[in-house]
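As structure tokens, the structure follows; a few thoughts come after it.
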Amino acid sequence: KALPKLTRSSLILQLSRGAFDVTALHELVGYVVAYTTDPAGAGLQVRPGMNMADLQQFIAVNSLVAGTGTPMPMLVPSGQPGDEDWLHQLDMTGKGTEQYPPEKFEEVSKHYRNLMDRFRQISNSIRKRNAPGAGREIPCGVMDPLTLERSVSL
């Protein structure tokens, strides 16, 4: 199957999917410690006649798991030390070979603020639905934007 024609719409969909995959989806399905801490679990190694990973593979896989399990800054900055706003990373004025006018960064800043506001609204909605007596038997906050980390450098 061929890739779709590159359009503004298809680019928005692709970037949105990438952002979702490395934040919310990764948070939902990215916890693998329970599978890798047993050498007979998900050792990512096939050895004929054996039902578990060897020691070298076991250590290598769990080194990777430990490294990717390191807490990252939050998607919606909390303001705590080490978890500051990341808007400055989007500032392309006066950097590199392609310099953008300050007006462009003002526009990006507006979109960033709108995105952060929308994330907070979504979080409030999730928290209301999870509140006792709100109708949910089992609260589910795994997709709450205020709990998601930035698992990729922006």
Side-chain angles (χ1 to χ4, degrees), residues 1-37 41-46 53 56-131 134-136 138-154:
K1 185 176 177 182
L3 291 173
K5 181 180 175 188
L6 181 59
T7 63
R8 181 182 176 112
S9 177
S10 66
L11 180 60
I12 289 170
L13 286 174
Q14 183 62 40
L15 291 174
S16 299
R17 178 57 194 247
F20 173 80
D21 285 355
V22 301
T23 55
L25 184 63
H26 189 265
E27 182 69 20
L28 180 64
V29 299
Y31 181 78
V32 296
V33 172
Y35 304 109
T36 62
T37 52
L44 307 175
Q45 183 181 43
V46 176
Q56 181 179 354
Q57 181 69 9
F58 178 73
I59 291 172
V61 167
N62 282 291
S63 296
L64 175 65
V65 169
T68 60
T70 303
M72 294 286 121
M74 302 306 286
L75 178 62
V76 179
S78 67
Q80 298 296 317
D83 186 31
E84 290 86 18
D85 196 308
W86 48 272
L87 175 61
H88 67 278
Q89 294 176 341
L90 303 175
D91 185 359
M92 300 302 288
T93 56
K95 294 182 179 144
T97 57
E98 238 184 292
Q99 298 189 9
Y100 293 91
E103 298 81 33
K104 191 57 127 173
F105 183 62
E106 290 171 18
E107 184 180 344
V108 168
S109 298
K110 183 181 103 180
H111 290 299
Y112 174 87
R113 286 189 298 276
N114 288 341
L115 178 65
M116 294 300 119
D117 289 344
R118 183 66 183 123
F119 281 153
R120 288 183 186 95
Q121 291 170 5
I122 291 168
S123 178
N124 286 336
S125 175
I126 290 170
R127 290 167 195 253
K128 285 178 186 173
R129 285 183 276 166
N130 283 336
R136 282 197 173 157
I138 300 173
C140 180
V142 73
M143 294 289 179
D144 183 339
L146 297 187
T147 67
L148 300 176
E149 298 175 338
R150 288 178 265 158
S151 58
V152 67
S153 296
L154 298 174

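- Of all the heavy atoms in Val61 and Ala42, the pair that sits closest is CG1-O, 4.2 Å.
- Atoms OG and NZ, on Ser123 and Lys128 in that order, are 10.5 Å from each other to the nearest 0.5 Å.
- With sequence neighbours left out, the ring pair (Phe, Tyr, Trp, His ring centres under 6.0 Å) criterion links Phe20 to no other residue.
- Heavy-atom minimum distance, Gln57 versus Gln45: CB-OE1, 3.4 Å.
- Smallest separation of non-hydrogen atoms from Met116 and Trp86: CE-CZ2, 3.6 Å.
- Taking CZ from Arg150 and OG1 from Thr23, the interatomic distance works out to 11.5 Å, rounded to the nearest 0.5 Å.
- A donor-acceptor contact shorter than 3.5 Å is absent between the side chain of Asn130 and the backbone of Arg136.
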Gln121 and Arg118: CA distance, side-chain angles, deciding distance, side chain to side chain donor-acceptor pair (under 3.5 Å) verdict | CA-CA 5 Å; Gln121 291 170 5; Arg118 183 66 183 123; 3.3 Å; yes
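- In this structure Leu15 satisfies the side-chain contact (heavy atoms from CB on, under 4.5 Å) test together with Leu11, sequence neighbours excluded.
- Take Ile138 and apply the side-chain contact (heavy atoms from CB on, under 4.5 Å) test, not counting sequence neighbours, and it matches no residue.
- What you find for Gly141 and Thr147 is that their closest heavy atoms are O-OG1, 3.7 Å.
- Salt bridge annotation for Asp85-Arg113: absent, with no cationic side-chain nitrogen under 4.0 angstrom from a carboxylate oxygen.
- In terms of heavy-atom proximity, Arg120 sits nearest to Leu146 at CG-CD2, 4.3 Å.
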Please tabulate, one pair per line, all N/O donor-acceptor pairs under 3.5 Å involving side-chain atoms of residues 102-110, not counting sequence neighbours.
{"from": "Ser109", "atom 1": "OG", "to": "Phe105", "atom 2": "O", "distance (Å)": "2.8"}

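- Qualifying side-chain contact (heavy atoms from CB on, under 4.5 Å) partners for Leu115, counting only residues two or more places apart in sequence or in other chains: Phe119.
- The OG1 atom of Thr7 sits 11.5 Å away from atom CD of Gln14, with the distance rounded to the nearest 0.5 Å.
- Taking the side chain as every heavy atom from C-beta outward, Leu87 and Pro77 never approach each other to under 4.5 Å.
- Judged as a salt bridge (Lys or Arg N to Asp or Glu O under 4.0 Å), and not counting sequence neighbours, the contacts of Arg127 are Asp144.
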